[in-house]
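All remarks here apply to the structure that follows.
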Amino acid sequence: MHVSFDPWSPAFVADPYPAYAALRATGRAHYFEPTRQWLIPHHSDVSGLLRDRRLGRTYLHRFTHDEFGLAAPPAAHEPFHTLNGNGILDLEAPDHTRIRRLVAKAFTPRRVEELAPTVERLAAGLVDAFVAEGGGDLLTAVAEPLPVAVIAEMLGVPEADRALLRPWSAAICGMFELNPSEETARAAVRASVEFSAYLRGLIAARRANPGPDLITALIAAHDEDDRLTEQEIVSTCVLLLNAGHEATVNATANGWRVLFRHPEQLALLRADHGLLPTAVEELLRYDTPVPMFARWVLDDVEVAGTVIPRGSQVALLFGSANRDPERFTDPETLDLSRQDNPHISFGAGIHYCLGAPLARLEMAASFGALLRRAPGMRPVAEPEWKPGFVIRGLRELLVEV
């Protein structure tokens with residue numbers, strides 16, 4: 001049944017849902033030799049394993065590479081791994097607990113709530129310009145610049161420097177795909193070096209002249225005698241940018257593609273903007289922008305009678321879990337008013353997305369602005385998908401207004 005699961009196939013990336021259904025129908029854990037991962041397709045298993053402390057985003061807090069039976073990454077990749085390995089997404093306790101607690105002091109729900117007027121203003125400005133042009137590529141004109149601008153404003157990145165952020169982020173995120181090439185690795189290393197150097201300069205400037213931005217707050221964040229190191233601040237800023245916009249960009253563009261393909265649901269939303277909160281959740285469930293997340297098995301785990309041994313890696317299929325009929329009523333149906341919607345697009349457990357409230361705010365702002373200012377927006381071409389599967393998104397989304 002693995003024949004249909006082909007994450008490098010354009011046809012699979014365009015529509016992975018039949019393959020997910022086949023995986024769910026034929027078992028709870030499938031070994032996939034091309035990536036040496038165990039595929040986990042059911043909602044209950046994915047949700048449970050996300051919370052299971054026998055799994056981790058890293059194993060280096062307990063084992064060396066040799067002890068875990070894996071080769072160390074090439075020395076030439078070190079800048080990427082240093083940058084990525086000091087962010088909370090790829091750390092486990094106790095470092096994850098300490099850093100997340102300190103970052104949370106600077107990234108509170110109240111701080112996100114205070115951003116609402118800024119997000120609304122930025123979204124309105126982008127949409128007004130888009131409408132004035134008569135449409136174009138919704139991805140590059142609205143979906144992409146909004147979350148980048150929001151994170152840049154939060155971090156205090158000068159407007160003149162913001163064009164640097166997206167290319168650095170895209171190069172770094174290339175390493176999260178399955179079996180990345182050496183060319184991808186070189187690009188990620190180069191971006192890691194350049195981005196880190198840029199942020200160290202920005203941190204030095206904020207130490208000298210504190211401001212009302214997140215970098216200043218991260219510098220000041222402490223708990224008794226415990227502070228974030230400079231590397232941890234750099235890694236946190238990069239993570240906030242990468243995680244804070246890559247998924248949101250794709251969730252926005254993918255979401256509009258889904259709406260265009262379900263005109264009756266789009267008509268309901270256009271008639272009642274009060275559906276936006278549940279609509280955002282349903283779009284995140286229906287076409288998940290990050291359909292797979294991996295975990296290392298630190299101690300043997302059992303999934304429905306299959307023992308997955310220590311040293312293995314599981315691929316938690318969020319996209320499949322979010323369409324699991326054992327958990328969702330009519331999961332293949334888009335229902336923008338769906339109430340019972342425990343999707344796991346933001347993860348679960350200790351690695352639950354810190355930026356989930358901000359992502360929801362940004363999506364509601366951009367969708368709301370487009371519904372108000374471009375009520376007749378429609379696609380002019382069938383979009384193509386980018387080749388990535390772990391971060392799944394469109395190349396462009398051409399529309400007219």
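In this text the structure is predicted, and so the values were computed from the model without any measurement.
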How close do L354 and R100 get, counting heavy atoms only, and between which atoms?
CD1-NH2, 3.7 Å
Assert yes or no for the condition that the ring centre distance of F328 to H43 is strictly below 6.0 Å.
yes
Kindly give the heavy-atom pair with the smallest separation between A124 and R373, and that separation in Å.
CB-NH2, 3.6 Å
Would E177 and K386 satisfy salt bridge (Lys or Arg N to Asp or Glu O under 4.0 Å), going step by step from the backbone distance to the final call?
CA-CA 12 Å; E177 290 299 332; K386 291 186 289 189; over 6 Å; no
Check: L89 main-chain N/O paired with R57 side-chain donor or acceptor under 3.5 Å:
yes
Shortest non-hydrogen contact between L23 and H30, atoms and distance
O-NE2, 2.9 Å
Between R62 and E67, is a salt bridge (Lys or Arg N to Asp or Glu O under 4.0 Å) present by the stated rule, with each step listed?
CA-CA 9 Å; R62 285 185 51 185; E67 288 169 343; over 6 Å; no
Residues, nucleotides or ligands: over 12 heavy atoms within 6.0 Å of E400 CD:
yes
Output yes when a side-chain donor or acceptor of T26 lies under 3.5 Å from a complementary backbone atom of A22, and no otherwise.
yes
4.5 Å side-chain heavy-atom contact, N84 and F176
yes
List the steps and the verdict of side-chain contact (heavy atoms from CB on, under 4.5 Å) for L50 and R295.
CA-CA 8 Å; L50 283 170; R295 292 284 192 275; 3.4 Å; yes
For the pair E282 (side chain) and D335 (backbone), establish whether a donor and an acceptor sit closer than 3.5 Å, ignoring hydrogens and angles.
yes
Compute whether any side-chain donor of one residue and acceptor of the other, for R200 and Q231, lie under 3.5 angstrom apart.
yes
What heavy-atom pair brings P383 and R257 nearest, and what distance separates the two atoms?
CG-CD, 4.0 Å
Mind checking whether W168 and F195 have parallel, tilted or perpendicular rings, split at 30° and 60°?
parallel
Tell me if the CD atom of E183 is crowded by more than 12 foreign heavy atoms within 6.0 Å.
no
Decide yes or no for R227 and I233: does some side-chain heavy atom of the first lie under 4.5 Å from some side-chain heavy atom of the second?
no
Exceeds 12 heavy-atom contacts within 6.0 angstrom, atom CZ of R53
yes
A247 and V290: which non-hydrogen atoms are nearest, and at how many Å?
CB-CG2, 3.9 Å
What do you reckon, is CD of E159 surrounded by more than 12 foreign heavy atoms closer than 6.0 Å?
no
Evaluate whether atom CZ of R101 has more than 12 neighbouring non-hydrogen atoms of other residues, nucleotides or ligands under 6.0 angstrom away.
yes
Distance-only, no hydrogens or angles: does the T236 side chain make a donor-acceptor pair with backbone N or O of G87 under 3.5 Å?
no
R162 versus E153: any side-chain heavy-atom pair under 4.5 Å?
yes
Using only atom types and a distance under 3.5 Å, with no angle test, would you say the side chain of R36 pairs donor to acceptor with the backbone of Q313?
no
Would you call the rings of Y17 and Y20 parallel, tilted or perpendicular, where under 30° means parallel and over 60° means perpendicular?
perpendicular
Apply side-chain contact (heavy atoms from CB on, under 4.5 Å) to residues W8 and T35 and explain how you reach the verdict.
CA-CA 11 Å; W8 301 282; T35 60; 3.5 Å; yes
So Y59 and F68, would you call those rings parallel, tilted or perpendicular, with 30° and 60° as cut-offs?
parallel
So, the side chain of D324 versus the backbone of R24: is there a donor-acceptor pair under 3.5 Å, distance only?
no
Has Q265 got a side-chain atom pairing as donor or acceptor with L336's backbone, closer than 3.5 angstrom?
yes
Salt bridge (Lys or Arg N to Asp or Glu O under 4.0 Å) between E114 and R110, worked out:
CA-CA 6 Å; E114 290 170 349; R110 180 178 177 182; 3.4 Å; yes
Tell me, do E232 and V103 make a side-chain contact under 4.5 Å, heavy atoms counted?
no
Ignoring hydrogens and angles, state whether a donor on the side chain of E144 or T140 is under 3.5 Å from an acceptor on the partner side chain.
no
May I ask you to test the R395-L139 pair for a side-chain heavy-atom distance under 4.5 Å?
no
Check the side chains of S345 and N322 for a donor-acceptor pair under 3.5 angstrom, ignoring hydrogens and angles.
yes
Using only atom types and a distance under 3.5 Å, with no angle test, would you say the side chain of T278 pairs donor to acceptor with the backbone of L275?
yes
Any donor-acceptor pair under 3.5 Å linking the side chain of R392 with the backbone of A14?
yes
Do the non-hydrogen side-chain atoms of V303 and W38 ever get within less than 4.5 Å of each other?
no
Is there a donor-acceptor pair under 3.5 Å between the side chain of T108 and the backbone N or O of R111?
yes
Using side-chain heavy atoms (C-beta onward) and a distance below 4.5 Å, is I308 in contact with I40?
yes
Considering residues, nucleotides and ligands other than E113, do more than 12 of their heavy atoms fall under 6.0 Å from its CD?
no
Determine, stepwise, if the pair L283 / L259 fulfils side-chain contact (heavy atoms from CB on, under 4.5 Å).
CA-CA 9 Å; L283 292 170; L259 289 173; 4.2 Å; yes
